[in-house]
Amino acid sequence: IIDIYETAQDFLDYMVFGWMKAMDERGLSASRTISKLGHWLWLMGRDDLRRLIKDDELYNPYGAPALIAVCEKMGIEVPQDLIEFSKKKC
């Protein structure tokens, strides 16, 4: 890692991408996003959050609850429409 700020921004950008995939109900893309964010969290030394994002109980719908849980732990503001979306079950 050369630039920690650029790396953190890349993570945040991918988190936003994950929000979009979840709300667009893109099953395979949402699943791959959860996996990739898990790898980001591992690289960041946050194995606790990696386990949280990989929790199957938090996947439905489309990984939104897992994304929200990680964002809450990291102090990242989550859009209200994602919160509302996460309450719907597939």
Side-chain angles (χ1 to χ4, degrees):
I1 298 174
I2 295 172
D3 183 345
I4 193 69
Y5 297 109
E6 184 177 337
T7 302
Q9 187 61 56
D10 288 346
F11 172 80
L12 291 171
D13 291 344
Y14 207 77
M15 180 63 76
V16 171
F17 176 79
W19 298 344
M20 292 185 302
K21 293 302 171 184
M23 288 189 294
D24 289 344
E25 300 182 12
R26 307 292 300 177
L28 291 175
S29 294
S31 179
R32 282 193 310 259
T33 299
I34 292 293
S35 180
K36 187 170 182 179
L37 285 169
H39 295 298
W40 272 102
L41 292 165
W42 177 80
L43 287 170
M44 295 165 61
R46 294 302 307 264
D47 201 48
D48 59 323
L49 297 181
R50 184 194 63 79
R51 285 190 303 274
L52 182 63
I53 204 167
K54 298 274 189 169
D55 184 348
D56 289 338
E57 297 293 318
L58 294 177
Y59 186 77
N60 191 8
Y62 300 95
L67 297 173
I68 292 168
V70 168
C71 287
E72 287 174 348
K73 295 277 187 187
M74 296 184 81
I76 299 169
E77 188 174 341
V78 178
Q80 188 61 39
D81 54 342
L82 181 65
I83 294 169
E84 292 303 317
F85 175 80
S86 74
K87 295 175 183 173
K88 118 182 176 178
K89 299 294 179 191
C90 300

Chemist: Working to the nearest 0.5 angstrom, can you tell me the gap between Asp47 CG and Leu52 CG?
Modeler: 11.5 Å
Chemist: Any idea which heavy atoms bring Ile53 and Gly38 closest together, and the distance?
Modeler: CG2-CA, 3.8 Å
Chemist: Give, for atom OG1 of Thr33 and atom OH of Tyr62, the distance between the pair rounded to the nearest 0.5 Å.
Modeler: 13.5 Å
Chemist: Check Asp55 with Arg51, please: is the shortest side-chain N to carboxylate O separation under 4.0 Å?
Modeler: no
Chemist: For Glu72, give me all partners under salt bridge (charged side-chain N to carboxylate O under 4.0 Å, His left out), at least two apart in sequence or on another chain.
Modeler: none
Chemist: When you look at Tyr59 and Ser31, which way does the side-chain contact (heavy atoms from CB on, under 4.5 Å) test go after all the steps?
Modeler: CA-CA 9 Å; Tyr59 186 77; Ser31 179; 3.8 Å; yes
Chemist: Would you say Gln80 has more than 12 foreign heavy atoms packed within less than 6.0 Å of its CD?
Modeler: yes
Chemist: Run through Leu82, Val78, Leu49 and flag the one making a side chain to side chain contact (heavy atoms under 4.5 Å, CB included) with Cys71.
Modeler: Val78
Chemist: Taking the side chain as C-beta and beyond, is there a heavy-atom pair between Lys54 and Ser35 under 4.5 Å?
Modeler: yes
Chemist: Can you tell me how far CD1 of Ile4 sits from CE of Met44, rounded to the nearest 0.5 angstrom?
Modeler: 7.5 Å
Chemist: List the steps, then state whether side-chain contact (heavy atoms from CB on, under 4.5 Å) holds for Leu41 with Val70.
Modeler: CA-CA 10 Å; Leu41 292 165; Val70 168; 4.2 Å; yes
Chemist: CD1 of Ile34 to CG of Leu67: how many Å apart, nearest 0.5 Å?
Modeler: 4.0 Å
Chemist: Scan the side chains in residues 9-27 for donor-acceptor partners under 3.5 Å anywhere in the protein, sequence neighbours excluded, and list what turns up.
Modeler:
{"from": "Gln9", "atom 1": "NE2", "to": "Asp13", "atom 2": "OD1", "distance (Å)": "2.8"}
{"from": "Glu25", "atom 1": "OE2", "to": "Lys88", "atom 2": "NZ", "distance (Å)": "2.4"}

